[in-house]
Amino acid sequence: MNLVSDERGRFVSAVPSLREVHEATMDLKRGKLLLQRLCAVLLLAAIAPTAWTSDWVYRIRLHDNIWDLSNRYLKPEIPWQKLQDYNQVSDPLHLPPGMTLRVPIAWLRVQPASATVVALSGSAHVRLAGQEQTAVATVGMPLTAGSSLTTDENSSVMLQFADGSHLLLQESGQLDFDEMSAYGQTGMVDTRLRLQHGRVSTEVTPMTGSGAHFIVTNPRSISSVRGTHFRVATNLDQSQTEVLTGRVDVASHRAHVLVGYGMGITVAEGSPPSHAQSQLQAPVLHCPSQPISQLPYPIEWDALSEAKSYRVQMTSGQGYQTPLIDRITDALHADLPDAPDGDYVVQVRGIDHSLLEGLDAVCTIRTSAHPQPPLVIFPLPDSKVRERRPRFSWTENQQASSYFWELASDVRFSQILASEEALTGKSVQAPQAFPFGHYYWRIASRDHSGKLGPFSNPMSFDLVPEPSTPQMDKPTLVKGKVRIGWQRGGLGYRYHVQLDRNPRFEHPQLDQELDQNVFDIPKPGGGTWYMRLQVIDTDGYAGPWSDTQKVRVSCMACRVTAIGGGVVLLWVLL
């Protein structure tokens with residue numbers, strides 16, 4: 001909190017003494033600079049009155065004595081007598097419980113503190129203090145002052161600091177650890193971080209004691225807090241600070257702005273902080289009322305009139321975790337990913353045209369979607385089946401030890417026609433023949449522990465007869481070509497015709513699909529030919545071949561003879 005500007009425009013932590021204030025009043029040459037420092041400190045004093053004191057205050061407990069307290073909290077070179085004199089303790093043998101003991105910050109033991117990687121998604125890299133090479137970040141890795149942490153695309157890291165504060169570094173970010181120290185066993189921690197680029201979300205534990213600080217700087221501003229939840233982002237053009245609880249002091253170019261809850265502020269390159277503005281309100285998020293059984297699950301929200309896009313995050317509900325998803329979208333919906341069964345938190349917030357991100361709409365959801373049902377092979381939804389005793393097939397789910405299959409006459413499965421609760425393998429045949437009609441089937445997986453997962457969505461199919469094969473008409477000769485026709489089948493049917501010298505049709509000389517029930521072919525050569533016909537249904541199903549017709553063509557059939565003005569072609573059908 002104790003941030004002021006020095007003569008070079010740098011922000012430093014300082015508290016002016018009374019002598020400095022007196023000099024600022026009396027010395028006109030130095031007055032301008034010191035008055036600026038005094039104004040900054042007055043602003044900080046309004047934020048945190050404890051900034052006026054440089055003492056840490058300890059309340060005496062039963063059986064405390066000044067020697068033990070000195071050994072526990074003071075630097076080795078500070079004798080206990082100084083602590084006695086400073087607090088005007090007349091009887092060091094008897095410290096009454098409840099008495100307050102004041103300790104100058106400069107006398108306290110100071111040791112290095114560290115941050116710990118507590119959660120990681122994707123990949124991140126660390127350059128440790130004093131080293132040139134980077135290492136892959138891992139959960140449990142400690143980070144000390146002088147270290148630098150970077151995250152790759154679609155990656156994030158959750159850090160925990162010595163005072164219990166947490167920070168999430170999101171994708172494509174770089175965070176440098178300028179200073180991390182702890183004042184002995186006092187609980188006061190001094191943490192100063194530098195966000196080079198990217199975005200962080202920080203939840204700072206409320207601080208006590210004037211030596212405690214949590215400061216996040218970036219190339220354009222400084223954000224200082226004493227216990228709050230806030231976000232900081234920086235890019236090539238500007239930085240943003242968004243406050244979710246408490247207040248944050250944002251400083252840049254010798255100017256300070258106190259930003260409160262629900263407000264945000266931008267700092268452009270080379271400019272002081274702008275005026276704080278209200279963050280976008282949380283959108284209305286349509287949370288599922290029941291546990292989610294099908295993944296991916298589409299979650300939706302209502303539009304915000306001033307939002308240009310939205311950030312969607314999904315995080316495990318267990319402690320401080322990195323998001324399973326963290327994406328920006330222009331749409332009003334997003335698919336939640338496949339995740340293990342459990343409790344999750346979904347957050348959606350709007351992003352305005354100045355890139356400030358708003359307040360979060362929050363859903364707590366529960367997934368119960370595993371083991372997932374297998375993928376269906378046959379019959380597919382809304383398909384046709386022609387076997388009176390149909391066969392059903394699916395892919396094998398690696399999480400499943402068996403499957404639960406059901407066949408019904410209605411979509412609610414209130415009229416079960418057949419079922420199997422412990423199928424192994426990847427197919428089953430109906431136990432009996434069923435009449436033509438409309439049916440539904442579904443399937444679920446059961447894991448090795450016996451847990452039954454959700455059923456697939458009901459899949460309908462029609463049990464229909466095979467398409468009938470029409471009889472071919474007698475060929476005729478039209479305009480020098482042989483025309484073959486047959487009775488038209490159902491609406492939308494197609495036809496497959498083959499003509500070959502060999503009754504096995506291994507290399508048909510004519511092999512053609514038609515949309516109509518007539519076609520013309522050049523006159524075949526003399527000799528024996530074989531012909532067959534197949535009907536193709538609207539769903540692409542090809543029915544059985546017709547009976548093969550044997551045709552003998554005589555040489556005279558290659559000639560056209562006019563009889564009564566007509567045309568005659570001689571065929572011999574055997």
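We're numbering straight along the sequence, starting at 1.
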Atom pair [atom1] ([X]) and [atom2] ([Y]), whose distance is rounded to the nearest 0.5 Å:
X: Leu193; Y: Leu167; atom1: CG; atom2: CG; result: 6.5 Å
X: Ile328; Y: Asp326; atom1: CD1; atom2: CG; result: 7.5 Å
X: Thr134; Y: Leu128; atom1: OG1; atom2: CG; result: 9.5 Å

Compare all side-chain heavy atoms of Val259 with those of Thr241 and state whether any distance is below 4.5 angstrom.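 No; the side chains remain at least 4.5 Å from each other.
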Sequence neighbours left out, what pairs pass disulfide bond (SG atoms under 2.5 Å apart) with at least one residue falling in residues 317-354? none
Considering the options Arg199, Arg311, Arg349, which one meets the salt bridge (charged side-chain N to carboxylate O under 4.0 Å, His left out) requirement together with Glu242?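 Exactly one pass, corresponding to Arg199.
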Can Thr205 and Asp163 be counted as having a side-chain donor-acceptor contact under 3.5 angstrom?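 Side-chain D/A pair, Thr205 to Asp163: absent.
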For a quick check under 3.5 Å, do Ser156 and Ser121 share a side-chain donor-acceptor pair by atom type?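 Short answer, yes.
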A quick test of your reading: do over 12 heavy atoms of other residues, nucleotides or ligands sit less than 6.0 Å from CD of Gln196? yes
Asp341 and Lys451 ion-paired at < 4.0 Å: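 Yes, this pair counts.
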Answer yes or no: is there an ion pair linking Asp249 with Arg247, defined by an N-O contact shorter than 4.0 Å?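 So Asp249 does not pair with Arg247 through a salt bridge.
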Apply side chain to side chain contact (heavy atoms under 4.5 Å, CB included) to Trp301 and Val284, showing your working. CA-CA 5 Å; Trp301 56 89; Val284 175; over 6 Å; no
Would you please indicate yes or no on a ring centroid separation below 6.0 angstrom for Tyr183 and Tyr73? no
Aromatic rings Phe177 and Phe161: how do their planes relate, parallel, tilted or perpendicular, breaks at 30° and 60°?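 Taking Phe161 first and then Phe177, their aromatic rings sit tilted (interplane angle of 30° to 60°).
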